[in-house]
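All remarks here apply to the structure that follows.
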Amino acid sequence: MAVVVVISGFIVAAAVAADVEIVKSGSGDKLPIDISELKVPMSASGALFRKILKDDLVNSGWFTVTDPKGSPLVVSGTADLDSSVASVSCDVTHRGISKNYMNQRITEKPDQVRRLAHRLSDSIVESVKQVKGMAASRIAFIGKVDGAKDLYVCDADGGNLIRLTQQRSPCLGPAWWPDGSKLLYMSFHRGFPDVYMIDLSTNRRTVLAAYPGLNSGGDVSADGRRVVMTLSKDGNPELYVLHVDENRLVRLTQTPKVTEASPSWSPDGREIVFVSNRTGPPQLHILNPDGGEPRQITYRGSENVAPDWGLNGRIVFTSRRDGRYVICVFDQTENTNEPVATDGADYEDPSWAPDGRHVVCARTERYQTSLYVVDTQGDAPRKLTTAKGDWYSPACSAQ
Amino acid sequence: MLLECGSGESEVDMMGSSFLKLLVTCSLVLGVMAGSGCRGFFTKKPGSSKAGKLPGEEIVVPEKQGGEEQVSLPERVDAGARITNVVFDSVLFDYDGFKIRDSEVDKMEKVAKFLKQSADVLLVVEGNCDERGSAEYNMALGEHRALAVRAYLVNIGVPASRVQTKSFGEEKPVDPAHAESAWRLNRRADFAFYRQ
(Lines give C-alpha, C1' and ligand atoms only; values in the text may rest on other atoms or scores of the structure.)
Protein backbone atom coordinates (compact mmCIF):
# COMPACT_ATOMS: atom_id res chain seq x y z
CA MET A 1 0.00 0.00 0.00
CA ALA A 2 1.19 3.42 -0.77
CA VAL A 3 1.62 6.43 1.39
CA VAL A 4 -0.10 9.26 -0.38
CA VAL A 5 -0.05 12.86 0.73
CA VAL A 6 -2.95 14.94 -0.44
CA ILE A 7 -2.34 18.64 -0.56
CA SER A 8 -4.49 21.38 -1.88
CA GLY A 9 -3.66 24.93 -2.67
CA PHE A 10 -7.35 25.75 -2.77
CA ILE A 11 -9.18 27.72 -0.16
CA VAL A 12 -12.85 27.08 -0.68
CA ALA A 13 -14.77 30.24 -1.42
CA ALA A 14 -18.27 30.26 -0.02
CA ALA A 15 -19.76 32.82 -2.34
CA VAL A 16 -20.28 32.76 -6.05
CA ALA A 17 -18.92 35.79 -7.77
CA ALA A 18 -21.05 37.36 -10.44
CA ASP A 19 -18.85 39.40 -12.69
CA VAL A 20 -20.36 40.87 -15.81
CA GLU A 21 -17.91 41.21 -18.59
CA ILE A 22 -17.85 40.50 -22.27
CA VAL A 23 -14.21 39.79 -22.68
CA LYS A 24 -12.40 40.47 -25.89
CA SER A 25 -9.03 38.92 -25.28
CA GLY A 26 -6.25 37.65 -27.47
CA SER A 27 -8.36 34.58 -28.10
CA GLY A 28 -11.42 36.49 -29.29
CA ASP A 29 -14.90 36.87 -27.83
CA LYS A 30 -15.92 34.59 -25.03
CA LEU A 31 -19.45 33.35 -24.47
CA PRO A 32 -21.10 34.65 -21.31
CA ILE A 33 -22.61 31.73 -19.38
CA ASP A 34 -24.78 31.82 -16.24
CA ILE A 35 -24.42 29.02 -13.65
CA SER A 36 -26.54 30.62 -10.93
CA GLU A 37 -29.56 28.45 -11.78
CA LEU A 38 -27.64 25.29 -11.01
CA LYS A 39 -28.84 24.21 -7.54
CA VAL A 40 -26.08 22.98 -5.25
CA PRO A 41 -26.31 21.95 -1.58
CA MET A 42 -25.84 24.69 1.04
CA SER A 43 -22.68 22.96 2.25
CA ALA A 44 -18.94 23.18 1.90
CA SER A 45 -19.03 20.63 -0.91
CA GLY A 46 -21.74 22.66 -2.69
CA ALA A 47 -19.64 25.82 -2.53
CA LEU A 48 -16.55 23.91 -3.68
CA PHE A 49 -18.46 22.37 -6.58
CA ARG A 50 -19.76 25.72 -7.80
CA LYS A 51 -16.40 27.44 -7.46
CA ILE A 52 -14.57 24.71 -9.36
CA LEU A 53 -17.19 24.63 -12.11
CA LYS A 54 -16.93 28.39 -12.50
CA ASP A 55 -13.13 28.35 -12.58
CA ASP A 56 -13.08 25.44 -15.03
CA LEU A 57 -15.46 27.18 -17.43
CA VAL A 58 -13.31 30.32 -17.33
CA ASN A 59 -10.10 28.29 -17.65
CA SER A 60 -11.48 26.47 -20.69
CA GLY A 61 -10.91 29.71 -22.57
CA TRP A 62 -14.38 29.70 -24.13
CA PHE A 63 -16.57 31.36 -21.48
CA THR A 64 -17.03 34.17 -19.05
CA VAL A 65 -19.26 33.35 -16.10
CA THR A 66 -21.74 36.19 -15.77
CA ASP A 67 -24.61 37.31 -13.60
CA PRO A 68 -28.10 36.08 -14.57
CA LYS A 69 -29.15 39.15 -16.53
CA GLY A 70 -26.15 39.30 -18.76
CA SER A 71 -26.15 35.88 -20.27
CA PRO A 72 -28.15 34.08 -22.91
CA LEU A 73 -26.48 30.74 -22.05
CA VAL A 74 -27.86 29.16 -18.87
CA VAL A 75 -26.72 26.12 -16.90
CA SER A 76 -29.61 24.77 -14.83
CA GLY A 77 -30.25 21.61 -12.84
CA THR A 78 -29.34 20.06 -9.51
CA ALA A 79 -26.17 18.75 -7.94
CA ASP A 80 -26.55 16.09 -5.23
CA LEU A 81 -23.19 15.95 -3.49
CA ASP A 82 -23.84 14.62 -0.02
CA SER A 83 -25.37 11.21 -0.85
CA SER A 84 -23.72 7.83 -1.39
CA VAL A 85 -23.21 8.85 -5.02
CA ALA A 86 -22.28 12.40 -6.03
CA SER A 87 -24.26 13.40 -9.08
CA VAL A 88 -25.30 16.36 -11.18
CA SER A 89 -28.26 16.51 -13.57
CA CYS A 90 -27.93 19.46 -15.81
CA ASP A 91 -29.27 21.32 -18.84
CA VAL A 92 -27.52 23.97 -20.88
CA THR A 93 -29.98 26.15 -22.77
CA HIS A 94 -30.00 29.34 -24.79
CA ARG A 95 -32.55 31.80 -23.40
CA GLY A 96 -33.09 33.73 -26.60
CA ILE A 97 -33.62 30.94 -29.07
CA SER A 98 -34.74 28.22 -26.62
CA LYS A 99 -32.06 25.85 -27.87
CA ASN A 100 -31.03 22.99 -25.62
CA TYR A 101 -27.31 22.21 -25.90
CA MET A 102 -27.10 19.56 -23.25
CA ASN A 103 -29.16 17.38 -20.96
CA GLN A 104 -26.96 15.10 -18.95
CA ARG A 105 -26.48 13.30 -15.64
CA ILE A 106 -22.93 12.70 -14.40
CA THR A 107 -22.03 10.64 -11.34
CA GLU A 108 -18.89 10.19 -9.26
CA LYS A 109 -17.89 8.69 -5.93
CA PRO A 110 -18.95 11.00 -3.08
CA ASP A 111 -15.35 12.07 -2.36
CA GLN A 112 -14.87 13.14 -5.98
CA VAL A 113 -16.73 16.46 -5.96
CA ARG A 114 -13.85 18.19 -7.73
CA ARG A 115 -13.80 15.59 -10.46
CA LEU A 116 -17.58 15.84 -10.87
CA ALA A 117 -17.25 19.60 -11.45
CA HIS A 118 -14.34 19.06 -13.87
CA ARG A 119 -16.34 16.53 -15.89
CA LEU A 120 -19.40 18.79 -15.98
CA SER A 121 -17.26 21.65 -17.26
CA ASP A 122 -15.86 19.43 -20.01
CA SER A 123 -19.39 18.29 -20.96
CA ILE A 124 -20.55 21.91 -21.21
CA VAL A 125 -17.53 22.85 -23.34
CA GLU A 126 -18.10 19.85 -25.58
CA SER A 127 -21.83 20.40 -26.07
CA VAL A 128 -21.65 24.16 -26.62
CA LYS A 129 -18.35 24.46 -28.50
CA GLN A 130 -18.05 20.94 -29.99
CA VAL A 131 -14.46 20.67 -28.78
CA LYS A 132 -12.91 18.66 -25.98
CA GLY A 133 -12.30 20.31 -22.62
CA MET A 134 -9.26 19.96 -20.37
CA ALA A 135 -10.75 20.26 -16.87
CA ALA A 136 -10.84 16.51 -16.12
CA SER A 137 -7.28 15.95 -17.31
CA ARG A 138 -4.70 15.08 -14.68
CA ILE A 139 -1.20 16.43 -14.82
CA ALA A 140 1.82 14.36 -13.80
CA PHE A 141 5.09 16.15 -13.16
CA ILE A 142 8.31 16.29 -11.18
CA GLY A 143 8.51 18.32 -8.01
CA LYS A 144 11.66 19.39 -6.20
CA VAL A 145 10.88 20.25 -2.60
CA ASP A 146 13.73 20.91 -0.15
CA GLY A 147 16.16 19.41 -2.63
CA ALA A 148 14.23 16.13 -3.01
CA LYS A 149 12.80 15.21 -6.39
CA ASP A 150 9.65 13.12 -6.64
CA LEU A 151 6.77 12.36 -8.93
CA TYR A 152 3.47 14.22 -8.37
CA VAL A 153 0.03 14.53 -9.97
CA CYS A 154 -2.60 17.25 -9.75
CA ASP A 155 -5.83 18.26 -11.45
CA ALA A 156 -5.79 20.60 -14.44
CA ASP A 157 -6.65 23.52 -12.14
CA GLY A 158 -3.71 22.79 -9.84
CA GLY A 159 -5.91 21.32 -7.08
CA ASN A 160 -5.77 17.81 -5.64
CA LEU A 161 -1.97 17.68 -5.58
CA ILE A 162 -0.69 14.22 -4.69
CA ARG A 163 2.87 13.00 -4.29
CA LEU A 164 3.26 9.56 -5.83
CA THR A 165 6.79 8.65 -4.81
CA GLN A 166 8.99 9.17 -1.84
CA GLN A 167 12.28 8.19 -3.36
CA ARG A 168 14.06 11.54 -3.06
CA SER A 169 16.20 10.82 -6.07
CA PRO A 170 16.33 12.50 -9.46
CA CYS A 171 13.49 11.54 -11.75
CA LEU A 172 12.39 12.75 -15.16
CA GLY A 173 9.73 12.96 -17.79
CA PRO A 174 6.51 11.27 -16.73
CA ALA A 175 4.25 10.04 -19.55
CA TRP A 176 0.69 8.71 -19.25
CA TRP A 177 -0.76 5.48 -20.42
CA PRO A 178 -3.66 6.45 -22.73
CA ASP A 179 -6.31 5.26 -20.25
CA GLY A 180 -4.80 7.31 -17.43
CA SER A 181 -4.26 4.23 -15.24
CA LYS A 182 -0.46 4.19 -15.28
CA LEU A 183 2.53 6.45 -15.63
CA LEU A 184 5.95 5.94 -17.10
CA TYR A 185 8.97 7.78 -15.72
CA MET A 186 12.72 7.65 -15.31
CA SER A 187 14.25 7.53 -11.86
CA PHE A 188 17.60 7.05 -10.14
CA HIS A 189 15.82 5.26 -7.35
CA ARG A 190 18.17 2.29 -7.52
CA GLY A 191 21.23 4.41 -8.28
CA PHE A 192 21.06 4.16 -12.06
CA PRO A 193 18.73 5.84 -14.57
CA ASP A 194 15.95 3.27 -15.08
CA VAL A 195 12.51 3.48 -16.66
CA TYR A 196 9.61 2.56 -14.38
CA MET A 197 5.88 2.11 -14.76
CA ILE A 198 3.72 3.12 -11.81
CA ASP A 199 0.14 1.87 -11.46
CA LEU A 200 -1.89 4.69 -9.92
CA SER A 201 -4.53 2.46 -8.33
CA THR A 202 -2.02 0.38 -6.36
CA ASN A 203 1.10 2.59 -6.47
CA ARG A 204 2.95 -0.55 -7.58
CA ARG A 205 6.03 0.17 -9.65
CA THR A 206 7.45 -2.10 -12.30
CA VAL A 207 10.86 -1.75 -13.88
CA LEU A 208 10.44 -1.50 -17.66
CA ALA A 209 14.07 -0.95 -18.56
CA ALA A 210 17.14 -1.32 -16.35
CA TYR A 211 19.87 -2.15 -18.82
CA PRO A 212 23.51 -1.19 -18.35
CA GLY A 213 24.01 2.47 -19.23
CA LEU A 214 21.17 4.91 -19.89
CA ASN A 215 17.45 4.10 -19.75
CA SER A 216 15.33 7.20 -20.22
CA GLY A 217 12.80 9.26 -22.11
CA GLY A 218 9.78 7.00 -22.45
CA ASP A 219 6.50 7.67 -24.25
CA VAL A 220 3.53 5.31 -24.59
CA SER A 221 1.73 4.73 -27.90
CA ALA A 222 -2.00 5.49 -28.15
CA ASP A 223 -2.85 1.75 -28.07
CA GLY A 224 -0.90 1.45 -24.80
CA ARG A 225 1.17 -1.45 -26.13
CA ARG A 226 4.44 0.16 -27.19
CA VAL A 227 6.90 2.27 -25.23
CA VAL A 228 9.58 4.23 -27.05
CA MET A 229 12.66 5.19 -25.05
CA THR A 230 16.37 5.96 -25.18
CA LEU A 231 18.76 3.16 -24.16
CA SER A 232 22.55 2.98 -24.41
CA LYS A 233 22.96 -0.72 -23.65
CA ASP A 234 24.46 -1.41 -27.08
CA GLY A 235 27.15 1.20 -26.60
CA ASN A 236 25.44 4.42 -27.72
CA PRO A 237 22.19 6.22 -26.80
CA GLU A 238 19.63 5.03 -29.37
CA LEU A 239 15.85 4.85 -29.68
CA TYR A 240 14.15 1.53 -28.95
CA VAL A 241 10.53 0.39 -28.88
CA LEU A 242 9.47 -1.99 -26.11
CA HIS A 243 6.42 -4.08 -27.07
CA VAL A 244 5.07 -4.28 -23.55
CA ASP A 245 2.83 -7.36 -23.83
CA GLU A 246 5.53 -9.49 -25.44
CA ASN A 247 8.42 -7.90 -23.50
CA ARG A 248 10.13 -7.55 -26.87
CA LEU A 249 12.62 -4.80 -27.64
CA VAL A 250 13.21 -3.38 -31.13
CA ARG A 251 16.01 -0.96 -31.95
CA LEU A 252 15.02 2.01 -34.14
CA THR A 253 18.21 3.99 -34.67
CA GLN A 254 21.84 3.13 -35.24
CA THR A 255 23.82 6.36 -35.02
CA PRO A 256 27.19 6.25 -33.25
CA LYS A 257 28.38 9.77 -32.30
CA VAL A 258 24.81 11.10 -32.39
CA THR A 259 22.40 11.73 -29.51
CA GLU A 260 18.72 10.74 -29.68
CA ALA A 261 16.32 11.81 -26.95
CA SER A 262 12.75 12.76 -25.96
CA PRO A 263 10.72 10.56 -28.33
CA SER A 264 6.95 11.19 -28.62
CA TRP A 265 4.43 9.07 -30.56
CA SER A 266 2.12 10.46 -33.21
CA PRO A 267 -1.57 10.00 -32.31
CA ASP A 268 -1.93 7.16 -34.85
CA GLY A 269 1.19 5.39 -33.58
CA ARG A 270 2.78 5.35 -37.01
CA GLU A 271 5.51 7.93 -36.43
CA ILE A 272 7.75 9.21 -33.67
CA VAL A 273 9.07 12.73 -33.24
CA PHE A 274 12.38 12.95 -31.37
CA VAL A 275 15.38 15.15 -30.68
CA SER A 276 18.65 14.46 -32.44
CA ASN A 277 21.90 16.32 -32.96
CA ARG A 278 22.71 14.43 -36.15
CA THR A 279 22.80 17.71 -38.10
CA GLY A 280 24.56 19.84 -35.45
CA PRO A 281 22.56 21.45 -32.64
CA PRO A 282 19.57 19.51 -31.26
CA GLN A 283 16.63 19.59 -33.72
CA LEU A 284 13.36 17.72 -34.13
CA HIS A 285 13.15 14.78 -36.49
CA ILE A 286 10.38 12.34 -37.37
CA LEU A 287 10.89 8.65 -38.03
CA ASN A 288 8.70 5.70 -38.91
CA PRO A 289 9.25 2.89 -36.37
CA ASP A 290 8.88 0.34 -39.17
CA GLY A 291 11.90 1.71 -41.02
CA GLY A 292 13.12 4.41 -43.36
CA GLU A 293 15.27 7.50 -42.95
CA PRO A 294 14.23 10.09 -40.34
CA ARG A 295 13.34 13.54 -41.65
CA GLN A 296 14.21 16.82 -39.96
CA ILE A 297 11.27 19.17 -39.27
CA THR A 298 12.81 22.13 -37.40
CA TYR A 299 15.60 24.43 -38.55
CA ARG A 300 15.01 27.76 -36.81
CA GLY A 301 16.34 28.44 -33.32
CA SER A 302 19.67 27.31 -31.88
CA GLU A 303 17.99 24.37 -30.11
CA ASN A 304 14.63 22.62 -30.60
CA VAL A 305 13.84 20.02 -27.95
CA ALA A 306 11.18 18.30 -25.78
CA PRO A 307 8.48 17.62 -28.42
CA ASP A 308 4.94 16.46 -27.59
CA TRP A 309 2.78 15.25 -30.47
CA GLY A 310 -0.82 16.22 -29.68
CA LEU A 311 -4.08 14.47 -30.52
CA ASN A 312 -4.75 17.44 -32.81
CA GLY A 313 -1.79 16.36 -34.96
CA ARG A 314 0.30 19.38 -34.01
CA ILE A 315 3.69 19.09 -32.30
CA VAL A 316 4.49 21.42 -29.42
CA PHE A 317 8.13 21.81 -28.38
CA THR A 318 10.73 24.04 -26.71
CA SER A 319 12.78 26.32 -28.93
CA ARG A 320 15.71 28.49 -27.98
CA ARG A 321 15.23 31.88 -29.63
CA ASP A 322 17.39 34.92 -28.90
CA GLY A 323 18.75 33.31 -25.75
CA ARG A 324 15.31 32.42 -24.30
CA TYR A 325 13.37 29.18 -24.27
CA VAL A 326 9.91 29.59 -25.83
CA ILE A 327 7.07 27.21 -26.63
CA CYS A 328 6.49 26.63 -30.35
CA VAL A 329 3.82 24.73 -32.25
CA PHE A 330 4.68 22.86 -35.45
CA ASP A 331 1.79 22.30 -37.83
CA GLN A 332 2.63 19.71 -40.48
CA THR A 333 -0.15 20.58 -42.89
CA GLU A 334 0.69 24.27 -42.90
CA ASN A 335 4.39 23.68 -42.21
CA THR A 336 4.35 26.54 -39.70
CA ASN A 337 6.46 26.76 -36.61
CA GLU A 338 5.39 29.65 -34.40
CA PRO A 339 6.24 30.72 -30.82
CA VAL A 340 3.31 30.82 -28.40
CA ALA A 341 4.15 32.59 -25.16
CA THR A 342 6.89 35.17 -24.97
CA ASP A 343 7.08 37.33 -21.86
CA GLY A 344 10.78 37.31 -20.99
CA ALA A 345 10.65 34.14 -18.90
CA ASP A 346 11.83 30.71 -20.08
CA TYR A 347 9.07 28.27 -21.04
CA GLU A 348 10.08 24.62 -21.40
CA ASP A 349 8.83 21.02 -21.50
CA PRO A 350 5.38 21.56 -23.04
CA SER A 351 2.58 18.97 -22.93
CA TRP A 352 -0.69 19.28 -24.83
CA ALA A 353 -3.85 19.38 -22.77
CA PRO A 354 -6.55 17.10 -24.24
CA ASP A 355 -8.44 20.16 -25.54
CA GLY A 356 -5.72 20.69 -28.16
CA ARG A 357 -5.77 24.39 -27.29
CA HIS A 358 -3.83 24.68 -24.04
CA VAL A 359 -0.30 23.55 -23.27
CA VAL A 360 1.04 22.87 -19.79
CA CYS A 361 4.71 23.76 -19.42
CA ALA A 362 7.44 24.68 -16.95
CA ARG A 363 8.08 28.42 -16.67
CA THR A 364 11.36 29.59 -15.14
CA GLU A 365 11.98 33.09 -13.94
CA ARG A 366 14.88 34.03 -11.65
CA TYR A 367 15.73 30.33 -11.27
CA GLN A 368 12.30 29.47 -9.86
CA THR A 369 10.34 26.97 -11.93
CA SER A 370 6.55 26.56 -11.81
CA LEU A 371 3.96 24.92 -14.01
CA TYR A 372 1.86 27.19 -16.21
CA VAL A 373 -1.04 26.62 -18.56
CA VAL A 374 -0.34 28.45 -21.81
CA ASP A 375 -3.12 29.20 -24.31
CA THR A 376 -2.18 28.74 -27.97
CA GLN A 377 -5.05 31.09 -28.83
CA GLY A 378 -3.66 34.01 -26.88
CA ASP A 379 -5.11 34.18 -23.36
CA ALA A 380 -2.60 35.03 -20.62
CA PRO A 381 -0.60 32.12 -19.11
CA ARG A 382 -2.12 30.75 -15.90
CA LYS A 383 0.02 29.56 -12.97
CA LEU A 384 -0.79 26.02 -11.88
CA THR A 385 1.54 25.21 -8.98
CA THR A 386 1.51 27.42 -5.89
CA ALA A 387 3.13 25.17 -3.28
CA LYS A 388 6.74 25.87 -2.33
CA GLY A 389 9.24 24.11 -4.54
CA ASP A 390 10.27 23.81 -8.16
CA TRP A 391 7.92 22.02 -10.56
CA TYR A 392 8.91 20.60 -13.92
CA SER A 393 8.23 18.14 -16.76
CA PRO A 394 4.41 18.18 -16.89
CA ALA A 395 2.42 15.55 -18.80
CA CYS A 396 -1.36 15.83 -19.28
CA SER A 397 -3.59 12.75 -19.23
CA ALA A 398 -6.01 12.26 -22.12
CA GLN A 399 -9.10 12.45 -19.90
CA MET B 1 23.56 16.38 -0.85
CA LEU B 2 20.78 15.40 -3.15
CA LEU B 3 22.33 12.30 -4.54
CA GLU B 4 23.38 9.30 -2.61
CA CYS B 5 23.16 6.99 -5.52
CA GLY B 6 25.77 4.31 -5.69
CA SER B 7 26.62 4.61 -2.03
CA GLY B 8 24.26 1.88 -0.91
CA GLU B 9 22.18 4.40 1.01
CA SER B 10 19.05 4.31 -1.07
CA GLU B 11 16.82 3.69 1.94
CA VAL B 12 14.47 6.56 2.57
CA ASP B 13 13.40 7.64 6.00
CA MET B 14 9.67 7.31 5.63
CA MET B 15 8.57 9.78 8.26
CA GLY B 16 11.83 11.68 8.22
CA SER B 17 12.40 15.38 8.29
CA SER B 18 11.85 16.05 4.61
CA PHE B 19 8.46 14.38 4.79
CA LEU B 20 7.39 16.64 7.62
CA LYS B 21 8.85 19.68 5.92
CA LEU B 22 6.78 18.98 2.84
CA LEU B 23 3.65 18.95 4.94
CA VAL B 24 4.52 22.24 6.55
CA THR B 25 5.47 23.99 3.35
CA CYS B 26 2.28 23.20 1.51
CA SER B 27 -0.51 25.66 1.99
CA LEU B 28 -3.31 23.40 3.10
CA VAL B 29 -3.13 19.78 4.07
CA LEU B 30 -6.40 18.05 3.40
CA GLY B 31 -5.45 14.62 4.55
CA VAL B 32 -2.79 12.03 4.87
CA MET B 33 -3.76 8.59 3.77
CA ALA B 34 -1.26 6.17 5.20
CA GLY B 35 -1.30 2.65 3.90
CA SER B 36 -0.13 -0.44 5.60
CA GLY B 37 3.36 0.91 6.05
CA CYS B 38 6.77 0.15 4.66
CA ARG B 39 6.62 -3.54 4.00
CA GLY B 40 7.69 -3.08 0.40
CA PHE B 41 11.01 -4.52 -0.69
CA PHE B 42 11.82 -4.68 -4.32
CA THR B 43 12.78 -8.02 -5.61
CA LYS B 44 16.42 -8.63 -6.31
CA LYS B 45 17.59 -7.92 -9.78
CA PRO B 46 19.41 -10.88 -11.26
CA GLY B 47 23.11 -10.33 -10.74
CA SER B 48 22.60 -7.84 -7.93
CA SER B 49 23.39 -8.95 -4.42
CA LYS B 50 21.85 -6.03 -2.55
CA ALA B 51 18.19 -5.12 -2.22
CA GLY B 52 17.11 -1.68 -1.06
CA LYS B 53 14.14 -0.71 1.07
CA LEU B 54 11.31 1.39 -0.17
CA PRO B 55 8.69 3.35 1.71
CA GLY B 56 5.53 1.44 1.04
CA GLU B 57 6.32 1.08 -2.60
CA GLU B 58 6.85 -2.24 -4.22
CA ILE B 59 9.01 -2.54 -7.26
CA VAL B 60 8.62 -5.48 -9.56
CA VAL B 61 11.62 -6.40 -11.65
CA PRO B 62 10.84 -8.85 -14.45
CA GLU B 63 13.14 -11.87 -14.42
CA LYS B 64 14.13 -11.44 -18.04
CA GLN B 65 14.00 -8.25 -19.99
CA GLY B 66 13.79 -7.39 -23.64
CA GLY B 67 14.43 -9.47 -26.71
CA GLU B 68 17.48 -11.13 -28.16
CA GLU B 69 19.61 -8.03 -28.52
CA GLN B 70 23.21 -8.46 -27.48
CA VAL B 71 24.06 -6.34 -24.45
CA SER B 72 27.36 -4.70 -25.20
CA LEU B 73 27.87 -2.70 -22.01
CA PRO B 74 28.95 -4.79 -19.00
CA GLU B 75 26.47 -5.59 -16.22
CA ARG B 76 26.07 -3.03 -13.48
CA VAL B 77 28.21 -3.03 -10.37
CA ASP B 78 27.03 -3.81 -6.90
CA ALA B 79 26.31 -0.36 -5.54
CA GLY B 80 27.54 -1.33 -2.09
CA ALA B 81 31.20 -1.70 -2.95
CA ARG B 82 32.07 1.91 -3.77
CA ILE B 83 35.66 2.94 -3.11
CA THR B 84 35.48 6.48 -1.77
CA ASN B 85 39.12 7.26 -1.00
CA VAL B 86 40.37 7.16 -4.59
CA VAL B 87 39.72 10.43 -6.40
CA PHE B 88 40.81 11.46 -9.89
CA ASP B 89 40.28 14.76 -11.69
CA SER B 90 37.11 14.97 -13.77
CA VAL B 91 37.30 15.16 -17.56
CA LEU B 92 35.77 18.45 -18.78
CA PHE B 93 33.80 19.03 -21.99
CA ASP B 94 32.69 21.81 -24.34
CA TYR B 95 29.07 23.01 -24.41
CA ASP B 96 26.76 20.47 -26.07
CA GLY B 97 29.79 18.34 -26.95
CA PHE B 98 31.33 15.03 -25.97
CA LYS B 99 34.63 15.15 -27.87
CA ILE B 100 37.70 14.53 -25.72
CA ARG B 101 39.83 17.68 -25.52
CA ASP B 102 43.62 17.33 -25.73
CA SER B 103 43.88 18.96 -22.29
CA GLU B 104 41.93 16.07 -20.71
CA VAL B 105 44.00 13.17 -22.01
CA ASP B 106 46.45 13.03 -19.09
CA LYS B 107 43.60 12.62 -16.62
CA MET B 108 42.50 9.44 -18.37
CA GLU B 109 46.05 8.10 -18.66
CA LYS B 110 46.33 8.34 -14.86
CA VAL B 111 43.05 6.47 -14.41
CA ALA B 112 44.19 3.76 -16.83
CA LYS B 113 47.41 3.37 -14.87
CA PHE B 114 45.51 3.04 -11.60
CA LEU B 115 43.19 0.40 -13.08
CA LYS B 116 46.17 -1.56 -14.39
CA GLN B 117 47.66 -1.65 -10.87
CA SER B 118 44.35 -2.53 -9.19
CA ALA B 119 43.06 -5.70 -10.78
CA ASP B 120 40.04 -6.05 -8.48
CA VAL B 121 38.62 -2.57 -9.18
CA LEU B 122 35.76 -1.65 -11.54
CA LEU B 123 35.14 1.84 -12.91
CA VAL B 124 31.87 3.64 -13.51
CA VAL B 125 32.36 6.75 -15.65
CA GLU B 126 29.66 9.25 -14.65
CA GLY B 127 28.65 11.75 -17.35
CA ASN B 128 27.26 15.16 -16.37
CA CYS B 129 25.95 18.29 -18.07
CA ASP B 130 25.40 21.92 -17.20
CA GLU B 131 21.87 23.08 -16.40
CA ARG B 132 21.09 24.54 -19.83
CA GLY B 133 18.98 22.65 -22.32
CA SER B 134 16.32 20.00 -21.86
CA ALA B 135 16.77 17.56 -18.99
CA GLU B 136 16.08 14.53 -21.18
CA TYR B 137 18.46 15.60 -23.91
CA ASN B 138 21.08 16.17 -21.22
CA MET B 139 20.61 12.60 -19.97
CA ALA B 140 21.65 11.36 -23.41
CA LEU B 141 24.44 13.94 -23.71
CA GLY B 142 25.83 12.92 -20.29
CA GLU B 143 25.82 9.29 -21.38
CA HIS B 144 27.72 10.24 -24.53
CA ARG B 145 30.37 11.97 -22.42
CA ALA B 146 30.74 8.91 -20.21
CA LEU B 147 30.91 6.67 -23.29
CA ALA B 148 33.57 8.91 -24.88
CA VAL B 149 35.77 8.55 -21.80
CA ARG B 150 35.10 4.82 -21.70
CA ALA B 151 36.06 4.48 -25.38
CA TYR B 152 39.32 6.34 -24.75
CA LEU B 153 40.20 4.13 -21.77
CA VAL B 154 39.42 0.97 -23.71
CA ASN B 155 41.49 2.26 -26.59
CA ILE B 156 44.57 2.62 -24.36
CA GLY B 157 44.21 -0.88 -22.99
CA VAL B 158 41.67 -0.90 -20.16
CA PRO B 159 39.48 -4.03 -20.54
CA ALA B 160 35.98 -3.00 -21.69
CA SER B 161 34.44 -5.34 -19.12
CA ARG B 162 35.84 -3.18 -16.29
CA VAL B 163 34.31 0.13 -17.37
CA GLN B 164 30.64 1.00 -17.09
CA THR B 165 28.83 4.26 -17.78
CA LYS B 166 26.19 6.24 -15.96
CA SER B 167 24.62 9.55 -16.94
CA PHE B 168 23.35 12.01 -14.36
CA GLY B 169 22.33 14.52 -17.05
CA GLU B 170 22.04 17.90 -15.35
CA GLU B 171 21.00 16.36 -12.00
CA LYS B 172 24.34 16.42 -10.18
CA PRO B 173 26.22 19.69 -10.62
CA VAL B 174 29.47 20.18 -8.66
CA ASP B 175 28.76 23.92 -8.64
CA PRO B 176 25.10 24.97 -8.54
CA ALA B 177 25.73 28.57 -9.64
CA HIS B 178 23.99 29.84 -12.79
CA ALA B 179 27.08 31.07 -14.63
CA GLU B 180 29.67 29.85 -17.11
CA SER B 181 32.24 29.56 -14.28
CA ALA B 182 30.05 26.82 -12.79
CA TRP B 183 28.80 25.36 -16.08
CA ARG B 184 32.33 24.62 -17.35
CA LEU B 185 32.96 22.50 -14.24
CA ASN B 186 29.59 20.77 -14.50
CA ARG B 187 30.17 19.61 -18.09
CA ARG B 188 32.26 16.69 -16.95
CA ALA B 189 32.81 12.98 -16.51
CA ASP B 190 33.63 11.74 -12.99
CA PHE B 191 35.44 8.53 -12.10
CA ALA B 192 33.72 6.29 -9.52
CA PHE B 193 35.53 3.12 -8.48
CA TYR B 194 34.01 -0.05 -7.08
CA ARG B 195 35.43 -3.16 -5.49
CA GLN B 196 34.83 -6.18 -7.69
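By convention in this document, chain letters (A, B, ...) are assigned in the order of the sequence lines, proteins followed by strands, and residues within each chain are numbered from 1. Atom set for the values below is all heavy atoms of this structure, side chains included, hydrogens, waters and symmetry mates excluded.
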Would you find a donor on one side and an acceptor on the other, under 3.5 Å apart, between the side chain of B:Arg101 and the backbone of B:Phe93? yes

Under 3.5 Å, side chain of A:Thr298 to main-chain N/O of A:Leu284, donor-acceptor pair present? yes

Please identify, among [options], the residue contributing the most non-hydrogen atom pairs under 4.5 Å to chain B.
options: A:Ala261, A:Pro281, A:Pro237; value: A:Pro237
options: A:Glu348, A:Lys257, A:Met186; value: A:Lys257
options: A:Gly217, A:Pro282, A:Gly143; value: A:Pro282
options: A:Ser216, A:Ser393, A:Pro193; value: A:Pro193

Check this for me, if you would: do [X] and [Y] make a salt bridge, where the nitrogen-to-carboxylate-oxygen distance has to be below 4.0 angstrom?
X: B:Arg187; Y: B:Asp94; value: no
X: A:Asp390; Y: A:Lys149; value: no
X: A:Asp194; Y: A:Arg205; value: no

Taking side-chain contact (heavy atoms from CB on, under 4.5 Å) as the criterion, tell me which of A:Val227, A:Asn215, A:Thr253, A:Leu231 meets it with A:Tyr240. A:Leu231

Contact origin within [X] toward chain B - heavy atom pairs under 4.5 Å:
X: A:Met197; answer: neither
X: A:Asp346; answer: neither
X: A:Thr259; answer: both
X: A:Leu214; answer: both

[X] and [Y]: which non-hydrogen atoms are nearest, and at how many Å?
X: A:Ser351; Y: A:Pro394; answer: CB-O, 3.3 Å
X: A:Ala175; Y: A:Gly218; answer: CB-O, 3.6 Å
X: B:Val121; Y: B:Arg162; answer: O-NH2, 2.9 Å

Ring centres under 6.0 Å, that's the criterion: do B:Phe193 and B:Phe114 meet it? yes

Decide whether A:Ser319 and A:Arg321 meet the rule of one side-chain donor and one side-chain acceptor closer than 3.5 Å. yes

Have A:Glu260 and A:Thr230 got a donor and an acceptor in their side chains that come within less than 3.5 Å? no

Report, by ascending residue number, the residues of residues 175-184 of chain B in heavy-atom contact with chain A at a distance under 4.5 Å; give 'none' if the set is empty. B:His178

Neighbourhood of chain A inside residues 127-157 of chain B, taking heavy atoms under 4.5 Å as contact: B:Arg132, B:Gly133, B:Ser134, B:Ala135, B:Glu136, B:Tyr137, B:Met139, B:Ala140, B:Leu141, B:Glu143, B:His144, B:Leu147

If the plane angle is over 60° it's perpendicular, under 30° parallel, otherwise tilted; pick one for A:Tyr185 and A:Tyr196. parallel

